[in-house]
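Just below is one structure, and these are the notes that go with it.
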Amino acid sequence: MRLASTKQDPVTFLSLIRQCIDTKSISDIKKVQTQIMKSGFLLGFGDKLIDGYIKCGGVVDARKLFDELPKRHIVTWNSMISTHIGHKRTKEAIGLYKKMILEGVFPDEYTFSSILKGFSEMGSLREGQRAHGFSIILGLEASNVFVGSALVDMYSKFGQMRDAKLVADRVVKRDVVLFTALIVGYSQHGEDREALAVFVSMINGGVKANEYTFASILIACGNVENLWNGKLIHGLIIKSGFESVVASQTSLLTMYSKCGLIDDSLKVFKRFANPNPVTWTSLIVGLVQNGKEEVALTKFRQMTRNSINPNAFTLSSVLKACSSIAMLEEGKQIHAIVTKHGLDRDTYCGAALVDLYGKCGSTEMARLVFDDIIELDVVSMNSMVYSYAQNGLGHEALELFNRMKDLKLQPNDATFVSVLIACNNTGLVEEGCQIFASMKKNHNIELTRDHYACMVDLLGRSGRLEEAEALIEQVRSPDVVLWRSLISACGIHGEVKMAERIKDKVLKLAPGDEGTHVLLSNIYASTGNWSQVIEMKTTMREMRLKKDPAMTWVDIDREVHTFMAGDWSHPRSKEILETLTELMERVKSVGYVPDTRFVLQNLDEEKKERSLYYHSEKLAIAFALWRTSNKTTSIRIFKNLRVCGDCHNWIKYVSKVVNREIISRDSKRFHHFKNGLCSCGDYW
DNA sequence: ATAGGGTTAG
């Protein structure tokens, strides 16, 4: 810019500054500033220059000049504060606010409407409350809706919904922004019904909803799976002409998938001409939450093919898809994409990766990722603790749990589930009991069914059956799962009488519970009480109860092979049988003895032995060994039920004779078989 | 001359 050197009158300066704002050039303003200073007019133009800097995005320069001025207009103070808030310079904004008060400049409605956000961002409720008090003294709290909604927003962010509501009720002229802030507050703190009530009262009060309101209220509908209202609001959106607004569309999509109507979500998605990363992510999340992990991954690939860049939200969700169906290979590929986007150390992606590796039995990988996470939080901690827990590394889990205290992270209910599982899987009975007792006393955690389930299992398996029973009695309405766990513990400790007593109790509660029948018939079978086995099985048949057939699957080269006991439908059955026969000879020669106690049918010994051979995990392992070379040092198998004692013993021997690691995930935990030993130490 | 609320996650 060429500066007019001849004319140096105020009118020229004003027009120069205006030009700078139009061209958004900070360096030009600096030149103008120098010019003005030379001519001695600075005092009169300070506010104007600052306004110029701010409008050009020069926060730092604005601040520099601001500090040099002896006096600034209240408008300038306000602009400075709001622009600092907008640039996430929260501390500086609060500093300016305090400075203005010290200098005797009273904050006004503009000041409060921007500074309050600063307090919620800093987490300083106290200071926010002080500012609130000040606004009441100045008569601004209820008379100005901007101040009112900023206060509502602040209290909402702090979860102080009672105060948010009190302020909202006092504001004289309530508008859509104020109501939306209140709706969001309620919905983000689990009070979605209250959010809906606010929405209704807003509409009844004649205030029209806009795209922001629609987006927020749909989240509330989705959270409580209130499809009826969700559909009503869908109608309202169409009527109000917000149909094509991306944010409300996205929330609509999420609402439908949270209500389980994934097809409707897909319909909404199809109407987007140019779906953005958020839209894609919402769809993918919906698919994952509705158990359609494979479709979610297909959509993810489609998204990247359309050169839409995934973000941390997208990646953590597809990682979750991989871990829920234990697709390690697929997950590793996504890990590479995560790295490519520089999100390895992100808290959410990190937690999802830890979870993935944990659920695939690789605690070492999980730990490597975990150690790289920049900002650990409760969830990422929980993921790592859970990885250790399910893989039977109880001491490591407890060590991390203790580290949470040092990091000042409050353990939540999920943390305790993981910790108790860790104790359970490692036989740390005393530690488990102590931690359980401390939950309510020291951590104020509400005990859930899951916590009780862990403890019943822990006590039961260690033989403290009466204590386990007493604990179940404490639960208000105990679930069959708790009783089943106790029955199974009775089986382990040969307490047939007690098992029968508990069974009668359960069947009074839930007469058709197939799990209980199966457990009892297994207990009878293991003690050779075949007449009782037949009786149980007859009852089951009469009641048309079916048990889940045992299944094992193995993922080789991204292809899943599923096996069931005695099922020879696999195209490679011949090879499987050959490998299995050869393996049997080799393990027997080093000491394996079939344990026919685990055959739950009354057959002669030879037939019993045969039936053991054909357990689904043995077939899967034989297949995996046949298909892979020695270079594949570890084999992963997955089971829907728990591993039986004979297979467990057999796999130990196999791991030794073939010198490979076999990792098995059953319905409860992982077993890492290596060199003739299992990571569970034979306690499971 | 300056101001307040919203879409996706582990």
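What you see is a predicted model, and the numbers here were worked out from it, not measured in a lab. In what follows, chains carry the letters A, B, and so on, assigned in the order in which the sequence lines appear, proteins first and then strands, with residues in each chain numbered from 1.
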*Give A:D377 one of three labels, base, sugar-phosphate or nothing, depending on what nucleic acid heavy atoms sit under 4.0 Å from its own.*
base
*Using a heavy-atom cut-off of under 4.0 Å over every strand shown, decide if A:T111 touches base, sugar-phosphate, or nothing.*
nothing
*Terminal contacting nucleotides, 5' and 3', DNA chain B versus chain A (heavy atom, 4.0 Å)*: B:dA1 to B:dG10
_Regarding A:V184, tell me which of base, sugar-phosphate or nothing describes its non-hydrogen contacts under 4.0 Å with the strands shown._
sugar-phosphate
*Verify, without hydrogens or angle tests, whether A:S187 (side chain) and A:I183 (backbone) share a donor-acceptor contact under 3.5 angstrom.*
no
*Can a salt bridge be assigned to the pair A:K165 and A:E191 using a cut-off of 4.0 Å between side-chain N and carboxylate O?*
no
_Using a 4.0 Å heavy-atom cut-off, does A:T281 contact any base of the nucleic acid, only the sugar-phosphate backbone, or nothing at all?_
base
*Determine the contact category for A:V147: base if any of its heavy atoms lies under 4.0 Å from a base atom, sugar-phosphate if only primed atoms, P, OP1 or OP2 are that close, otherwise nothing.*
nothing
*Is there a residue in residues 327-342 of chain A whose heavy atoms reach under 4.0 Å of DNA chain B, and which residues are they?*
none
*With a 4.0 Å cut-off, would you call A:R367 and A:E396 a salt bridge?*
no
*Base, sugar-phosphate alone, or nothing: which one does A:D175 contact when heavy atoms must sit under 4.0 Å apart?*
base
*Report which part of the nucleic acid A:D51 touches: base, sugar-phosphate, or nothing (heavy-atom distance under 4.0 Å, all strands).*
nothing
*Does the side chain of A:T76 come under 3.5 Å of the side chain of A:D47 through a donor N or O and an acceptor N or O?*
yes
*Could you tell me how the ring of A:F313 sits relative to the ring of A:Y348: parallel (under 30°), tilted (30 to 60°) or perpendicular (over 60°)?*
parallel
_Residues within residues 187-220 of chain A bordering DNA chain B, heavy-atom distance below 4.0 Å_ = A:N210, A:Y212, A:T213, A:S216, A:I219
_Sugar-phosphate only, base, or nothing, as touched by A:S156 at under 4.0 Å among non-hydrogen atoms_ = nothing
*More than 12 non-hydrogen atoms from neighbouring residues, nucleotides or ligands closer than 6.0 Å to CD on A:E375, yes or no?*
no
*asked:* Checking side-chain polar atoms at under 3.5 Å, does A:T339 have a donor or acceptor matched by the opposite partner on A:D344?
replied: yes
*Would you indicate what A:V152 reaches in the nucleic acid, counting non-hydrogen atoms under 4.0 angstrom: base, sugar-phosphate, or nothing?*
nothing
*Under 4.0 Å between a Lys/Arg side-chain N and an Asp/Glu carboxylate O for A:R18 and A:D22?*
no
*How is A:V285 classified with respect to the nucleic acid when contacts are heavy atoms under 4.0 Å: base, sugar-phosphate, or nothing?*
sugar-phosphate
*Does atom CZ of A:R162 have more than 12 heavy-atom neighbours, drawn from other residues, nucleotides or ligands, at distances under 6.0 Å?*
no
_Side chains of A:S156 and A:D153 only: does a donor on one sit below 3.5 Å from an acceptor on the other?_
no
*Just wondering, are more than 12 heavy atoms of other shown residues or ligands nearer than 6.0 Å to CZ in A:R193?*
no
